[in-house]
Amino acid sequence: MRYDAAQRRVEFWRLRPCIIPTVREEMIDLRELKERKEEILANITARNMKIDLDHIIELQEQRSLLLQKSEALRSSRNENAAKMKGKLDQATRTALIEEGKALKEEIARVEARLKEVEEEYLRLGRTIPNYAHPDAPLGTDESDYTILRHVGAPPAFSFKPKDHVELGEALDLIDFDTATRVSGPKFYYLKREAVILQMALERYALDITLKKGFTPFITPDIAREEILTGIGFNPRGEESNIYTIEGMDACLVGTAEITLGGYYSGQILDKSELPIKMSGLSHCFRREAGASGQYSKGLYRVHQFSKLELFIYCLPQDSERYHAQLLAIEEEIFSGLGLAYRVVDTCTGDLGAPAYRKFDIEAWMPGRGDGGEYGEVTSTSNCTDYQARALSIRYKDDDGKNQFVHMLNGTAIALSRAIVAILENYQNEDGSITIPPALVPYTGFDTIKARG
RNA sequence: GGAGAGAUGUCCGAGUGGUCGAAGGAGACGGACUCGAAAUCCGUUGUACCGCUUGCGGUACCGAGGGUUCGAAUCCCUCUCUCUCCGCCA
């Protein structure tokens with residue numbers, strides 16, 4: 001029998017609703033739907049989303065009634081079956097069998113309806129986004145963010161700085177044209193010193209995370225769809241940024257957040273293990289359909305890059321503290337490279353559905369726009385219990401009750417964008433590139449010399 | 001890829017279609033004995049959901065899904081995973 005991905009996906013939802021799945025779809029706690037209704041509605045508005053909450057509540061009530069009915073019927077069925085354990089005269093036996101048959105049909109009828117209602121209820125329920133942090137700036141688009149601080153000053157050039165595409169070509173460090181011929185647009189070859197530079201950056205950032213007590217990982221570049229959806233990615237559909245693999249029910253990961261966040265899916269962690277801090281290196285694959293224009297030229301927006309990702313599992317009361325720690329590590333990595341950057345508190349409309357709060361670091365890129373602009377290089381999100389609920393990742397609290405952990409992620413370094421920033425900020429008038437001092441121990445050279 | 005074996009609670013492990021949420025053991029926890037410990041003895045020990053709510057009742061879960069049956073851990077089908085052997089391979 002052919003059992004392809006699409007079919008499995010359908011079956012996941014068609015067949016699972018009546019049982020407790022190991023991996024659920026992401027969502028807020030739907031039991032709070034009614035008591036926190038106003039808050040949820042306000043949050044949906046703040047995030048510029050449109051969701052018919054009343055319809056979901058109506059479905060929830062229908063589901064509850066059908067569930068109770070189904071359980072009552074099953075109870076009768078069990079009772080009826082139990083009566084037939086001993087020896088019975090033929091007439092009684094026949095009567096009981098008849099009753100059992102009738103119950104069986106009734107159960108099938110009620111549960112078919114339940115399945116229908118439940119499927120719709122969960123499908124809509126999981127579109128509800130996570131709650132937002134009260135301090136996250138309200139707003140519906142990117143420009144509504146709050147800039148928390150600027151660190152460092154953009155370099156002053158005595159000449160007109162080039163962008164990284166020009167620099168990369170002139171120094172024979174990056175080859176876009178051949179990559180387009182071999183792989184397609186938005187792919188690239190790194191060559192020569194750029195290869196060493198990437199590996200140096202990788203190790204530089206990794207070493208900082210090691211010092212902070214993060215356990216290093218190299219993760220798989222492929223993950224199952226249920227993990228993707230649990231983390232909050234949409235593997236399919238027009239707007240999806242994810243490559244799916246034909247016939248496999250799996251996708252190329254867009255970030256190690258997926259594989260690190262999936263690491264403990266379905267597990268109950270020991271409270272004493274928390275916090276768990278991981279730093280994972282993976283390739284990142286993104287379809288970037290329709291993304292073009294000057295802001296996505298060169299290495300800035302590509303189909304494949306490498307990234308060191310930070311991930312933390314912790315107790316709910318600690319997540320804000322660790323979110324601040326993730327941001328501090330990202331800042332340490334970028335300020336250590338001597339790059340000017342600013343820190344942005346992302347507005348509600350620009351938070352991903354799983355994120356409770358998100359901070360971005362934008363580094364100064366002299367080749368961006370007209371005369372330089374800040375461009376996003378990292379992002380860190382506190383997803384509270386949203387992903388944990390979807391992936392069923394819990395810990396036992398002091399009363400022995402299972403509680404959902406909080407999950408946070410952050411970019412330690414996205415290597416392609418870091419290379420953009422370094423090439424553009426550290427270029428010299430003669431076309432050479434100075435290596436930031438912090439990287440020299442890792443590269444073994446302090447300059448990429450101009451080629452002539 | 002080929003051949004075979006298996007999947008049961010925290011772990012090991014039994015289980016003839018009804019008396020099985022599941023024997024037995026280990027572990028863990030509580031208690032007794034002890035100055036203390038070991039040994040011994042007694043008791044407790046899964047998860048999720050639903051309903052009345054300090055407790056109790058119900059439903060579901062024996063790898064997953066489907067089927068047969070009045071009734072399935074047990075019978076049938078499909079799938080997944082694990083182990084052993086062979087082949088291939090960085």
Side-chain angles (χ1 to χ4, degrees), chain A residues 1-25 27-34 57 59-115 117-119 121-122 125 218 220-227 247-250 262 264-273 385 388-405:
Chain A
M1 171 188 164
R2 197 161 160 271
Y3 201 63
D4 65 19
Q7 188 183 353
R8 281 193 53 168
R9 203 168 82 265
V10 168
E11 288 192 5
F12 181 81
W13 279 106
R14 207 179 56 216
L15 304 176
R16 290 234 194 169
C18 296
I19 59 150
I20 309 304
T22 346
V23 175
R24 313 197 281 193
E25 292 296 298
M27 54 179 77
I28 57 164
D29 187 347
L30 291 175
R31 281 172 302 194
E32 298 179 338
L33 225 48
K34 275 184 265 189
I57 290 173
L59 286 167
Q60 185 183 48
E61 282 168 351
Q62 273 185 48
R63 170 185 171 274
S64 173
L65 288 175
L66 287 166
L67 188 63
Q68 285 171 45
K69 201 166 173 186
S70 146
E71 291 194 349
L73 284 167
R74 278 168 175 265
S75 180
S76 315
R77 181 199 62 189
N78 292 348
E79 207 179 312
N80 180 261
K83 285 182 195 158
M84 267 183 275
K85 274 189 266 182
K87 288 249 181 233
L88 295 170
D89 62 80
Q90 199 50 48
T92 316
R93 189 174 187 80
T94 311
L96 287 172
I97 288 177
E98 282 314 307
E99 199 188 332
K101 282 187 175 174
L103 282 168
K104 186 157 87 162
E105 273 172 38
E106 179 74 356
I107 289 170
R109 204 177 55 75
V110 170
E111 289 190 352
R113 177 77 188 126
L114 172 62
K115 197 159 70 176
V117 170
E118 186 156 42
E119 191 178 335
Y121 163 64
L122 291 175
I218 291 178
D221 290 333
I222 287 175
R224 296 178 189 275
E225 276 189 33
E226 62 184 31
I227 302 294
M248 255 192 75
D249 192 21
Y264 290 106
S265 61
Q267 310 289 305
I268 296 172
L269 300 167
D270 196 306
K271 195 179 165 188
S272 65
E273 294 175 76
D385 60 358
R389 183 171 287 107
L391 293 168
S392 196
I393 303 176
R394 293 166 295 174
Y395 70 95
K396 263 193 204 311
D397 69 13
D398 294 330
D399 301 328
K401 262 188 85 73
N402 290 331
Q403 306 284 1
F404 292 111
V405 299

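The shown structure was predicted, so the numbers you read here are calculated from the model rather than taken from an experiment. Every chain is numbered from 1 and lettered A, B, ... according to where its sequence line falls, protein lines coming before strand lines.
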For the student: nearest non-hydrogen atoms of [X] and [Y], plus distance:
| X | Y | value |
| --- | --- | --- |
| L114(A) | R63(A) | CD1-O, 3.7 Å |
| R394(A) | F404(A) | CG-CD2, 3.5 Å |
| V117(A) | L59(A) | CG1-O, 3.6 Å |

Send over the distance from [X] [atom1] to [N] [atom2], rounded to a whole Å.
| X | N | atom1 | atom2 | value |
| --- | --- | --- | --- | --- |
| L66(A) | G51(B) | CG | P | 13 Å |
| E225(A) | U80(B) | CD | P | 16 Å |
| Y395(A) | U47(B) | OH | C1' | 17 Å |
| E79(A) | G58(B) | CD | C1' | 11 Å |

Under 4.0 Å, heavy atom to any atom of RNA chain B: which of residues 100-108 of chain A qualify?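 Contacting residues: G100(A), K101(A), K104(A).
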Return the nearest nucleotide to the side chain of [X]; candidates are [options].
| X | options | result |
| --- | --- | --- |
| S64(A) | G58(B), G51(B), G18(B) | G51(B) |
| Q68(A) | C50(B), C70(B), G58(B) | C50(B) |
| R394(A) | C70(B), U47(B), U59(B) | U47(B) |
| R31(A) | U59(B), C70(B), C49(B) | C49(B) |
| E71(A) | C50(B), C70(B), A60(B) | C50(B) |
| L67(A) | G18(B), C50(B), G58(B) | C50(B) |

Mapping S76(A) and A81(A) to their closest nucleotides on RNA chain B, which lands nearer the 5' end?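 The answer here is A81(A).
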Select from A82(A) and R77(A) the residue whose nearest nucleotide in RNA chain B is closer to the 5' end of that strand.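 That would be A82(A).
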Say we look at [N] and [M]: how far apart would their [atom1] atoms be, to the nearest angstrom?
| N | M | atom1 | result |
| --- | --- | --- | --- |
| A73(B) | G9(B) | P | 15 Å |
| C29(B) | C35(B) | C1' | 24 Å |
| C83(B) | U8(B) | P | 14 Å |
| A28(B) | U84(B) | P | 30 Å |
| G36(B) | G31(B) | P | 13 Å |

Are T94(A) and E98(A) linked by a side-chain donor-acceptor pair shorter than 3.5 Å?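 No, no side-chain donor-acceptor pair sits under 3.5 Å.
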Above 12 or not: heavy atoms from other molecules or residues under 6.0 Å from CD1 of I218(A)?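 Open: at most 12 neighbouring heavy atoms sit under 6.0 Å from CD1 of I218(A).
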Whether E106(A) and R109(A) form a salt bridge (side-chain N of Lys/Arg under 4.0 Å from carboxylate O of Asp/Glu) is what I want to check.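 A salt bridge links R109(A) with E106(A).
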Just wondering, do E99(A) and L96(A) contact through their side chains at under 4.5 Å, heavy atoms?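 Touching, per the 4.5 Å side-chain cut-off.
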Think [X] has a side-chain N or O under 4.0 angstrom from the OP1 or OP2 of [N]?
| X | N | answer |
| --- | --- | --- |
| S75(A) | U59(B) | yes |
| R74(A) | G58(B) | no |
| N78(A) | G71(B) | no |

Distances under 3.5 Å between nitrogen or oxygen atoms of protein and nucleotides 7-12 of chain B:
none

Backbone N/O of A388(A) and side chain of D385(A): donor-acceptor pair under 3.5 Å: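 Checking the backbone N and O of A388(A) against the side chain of D385(A), no donor-acceptor pair under 3.5 Å is found.
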Just by modelled atom types, is the L30(A) backbone N or O under 3.5 Å from a matching donor or acceptor in the Q60(A) side chain?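 Judged by distance alone, yes, a pair lies under 3.5 Å.
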Dot-bracket for RNA chain B: what is it, with Watson-Crick or G-U pairs under 3.5 Å, [ ] where a pair crosses earlier ones, and | for a pair to another strand? ((((((((.[[[..)..(.....]]]((((((.......))))))(((((((..))))))).[[[[[..)....]]]]])))))))....
